[in-house]
Undergrad: 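Have a look at this one before I ask anything.
Source: prediction; values computed, not measured.
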Amino acid sequence: MSEAGLSPQNLPRLVENNPLVATECLLLILTSSEDSAANRKNDYLSALAGMDMSIHSMEVVNRLATHSTQGDQYIHLYISTCISTCESMGYDRHLQNKSVRLVCVFLQSLLRNGIVSAEDLFVEVQSFCIEFSRIREAAALFQMLKNK
């Protein structure tokens, strides 16, 4: 991938401009059997997990998670980033509500598909759901956590 000009530093731009291509590139990197690829894999996953929350970055994380068993710790790191982002958006209530709904649907998808377990996320996601309990999707996510 580096021959094609893709690096961990410019991965966020690719994710935001073409999430489908970003997903395919990351799948190629993650499934590479090269010995030197281990560090590169971590670099790319770190870049993805450290990205700002957006619909495109969620789409890429979700697609990667459904196609690969690698990177569980990066999924958890990305989830924490999303939760922190929502909590820090108090300056714009409308944007915060929209983002919380998006994160809740994303988390429900991960839980429903067995990508993450409710036990792994329970404490952090439970407090997130309680904080945003006025939002229907957060209440639904809370119920989903309780029932798992």
Undergrad: Between OG1 of Thr66 and CG of Leu110, what distance do you get to the nearest 0.5 Å?
TA: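 Taking OG1 in Thr66 and CG in Leu110, the distance rounds to 9.5 Å.
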
Undergrad: Heavy-atom count check: over 12 atoms from other residues, nucleotides or ligands less than 6.0 Å from Asp52 CG?
TA: no

Undergrad: Output the distance between atom CG (Leu145) and atom CD (Glu119), rounded to the nearest 0.5 Å.
TA: 9.5 Å

Undergrad: Does Phe142 share a hydrophobic cluster with Val125, counting links as ILVMFWY side-chain heavy atoms below 4.5 Å and allowing steps through other members?
TA: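 Different clusters: Phe142 never reaches Val125 through Ile, Leu, Val, Met, Phe, Trp or Tyr contacts under 4.5 Å.
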
Undergrad: Would you compute the distance between atom OG of Ser80 and atom CD1 of Ile75 and round it to the nearest 0.5 angstrom?
TA: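 One gets 12.0 Å once the value is rounded to the nearest 0.5 Å.
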
Undergrad: What's the shortest heavy-atom distance between Ala47 and Pro8, and which atoms?
TA: CB-O, 3.3 Å

Undergrad: Let me confirm one number: the SG-CE distance from Cys129 to Met144, rounded to the nearest 0.5 Å.
TA: 11.0 Å

Undergrad: Can you name the one residue among Leu26, Leu6, Val15, Leu14 that meets side-chain contact (heavy atoms from CB on, under 4.5 Å) with Val21?
TA: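 Of all the options given, the one that passes is Leu14.
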
Undergrad: Between Ser57 (side chain) and Met53 (backbone), is there a donor-acceptor pair under 3.5 Å?
TA: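 Checked: no pair found.
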
Undergrad: When clusters are formed by joining ILVMFWY residues with side-chain heavy atoms under 4.5 Å apart, either directly or through shared neighbours, do Leu111 and Ile130 land in the same one?
TA: no

Undergrad: Enter the distance from Phe128:CZ to Ser133:OG here, rounded to the nearest 0.5 Å.
TA: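 The CZ atom of Phe128 sits 11.0 Å away from the OG atom of Ser133.
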
Undergrad: Return the CD to CZ distance between Gln96 and Arg101, rounded to the nearest 0.5 Å.
TA: 11.0 Å

Undergrad: The test is side chain to side chain contact (heavy atoms under 4.5 Å, CB included); show your working for Tyr74 and Leu64 and say whether it passes.
TA: CA-CA 11 Å; Tyr74 295 100; Leu64 280 180; over 6 Å; no

Undergrad: Taking all atoms of both residues into account, what is the closest heavy-atom pair of Ala49 and Thr81, and its distance?
TA: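 The pair with the smallest heavy-atom distance is O-OG1, 3.5 Å.
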
Undergrad: Please say yes or no: joined through hydrophobic side-chain contacts below 4.5 Å, possibly via intermediate residues, are Leu77 and Leu11 part of one cluster?
TA: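 The answer is no; the residues belong to distinct hydrophobic clusters.
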
Undergrad: For residues 85-106, pull every pair meeting ring pair (Phe, Tyr, Trp, His ring centres under 6.0 Å), keeping only residues two or more places apart or in separate chains.
TA: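 Every ring pair (Phe, Tyr, Trp, His ring centres under 6.0 Å) pair that includes a residue of residues 85-106, provided the two are not neighbours, is Tyr78-Phe106.
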
Undergrad: Looking at every heavy atom in both Phe132 and Ala138, which two are closest together, and how far apart are they?
TA: O-CB, 3.2 Å

Undergrad: Using the side-chain hydrogen bond (donor to acceptor under 3.5 Å, both in side chains) criterion, which residues pair with Arg134? Sequence neighbours excluded.
TA: Asn97

Undergrad: Keeping to residues at least two apart or across chains, list the ring pair (Phe, Tyr, Trp, His ring centres under 6.0 Å) pairs with something in residues 8-27.
TA: none

Undergrad: Testing the basics here: between Ser54 and Glu16, what is the closest heavy-atom pair and its distance to 0.1 Å?
TA: OG-OE2, 2.5 Å

Undergrad: Please name the pair of heavy atoms, one in Gln108 and one in Leu141, separated by the smallest distance, quoted to 0.1 Å.
TA: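 The pair with the smallest heavy-atom distance is NE2-N, 3.3 Å.
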
Undergrad: What are the two closest non-hydrogen atoms of Leu27 and His67, and how far apart are they?
TA: CD2-CB, 3.6 Å

Undergrad: Evaluate the side-chain proximity of Ile115 to Asn62: yes if any heavy-atom separation is below 4.5 Å, no if none is.
TA: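 Yes. Closest side-chain heavy atoms under 4.5 Å.
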
Undergrad: Answer whether the closest heavy-atom distance between the side chains of Leu20 and Glu59 falls below 4.5 Å.
TA: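 Leu20 reaches Glu59 side chain to side chain.
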
Undergrad: Please check if Met51 and Leu95 belong to a single hydrophobic cluster, counting links between Ile, Leu, Val, Met, Phe, Trp and Tyr side chain heavy atoms closer than 4.5 Å.
TA: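 As far as the 4.5 Å side-chain criterion goes, Leu95 and Met51 are connected within one cluster.
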
Undergrad: Indicate yes or no: at least one non-hydrogen side-chain atom of Ser109 is less than 4.5 angstrom from one of Val105.
TA: no

Undergrad: Indicate yes or no: at least one non-hydrogen side-chain atom of Ile79 is less than 4.5 angstrom from one of Val61.
TA: no

Undergrad: Would you please test Glu137 and Val103 for side chain to side chain contact (heavy atoms under 4.5 Å, CB included) and show each step?
TA: CA-CA 9 Å; Glu137 289 82 357; Val103 169; over 6 Å; no

Undergrad: Side chains of His56 and Asn17: closer than 4.5 Å at any heavy-atom pair?
TA: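 His56 vs Asn17: side chains apart.
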
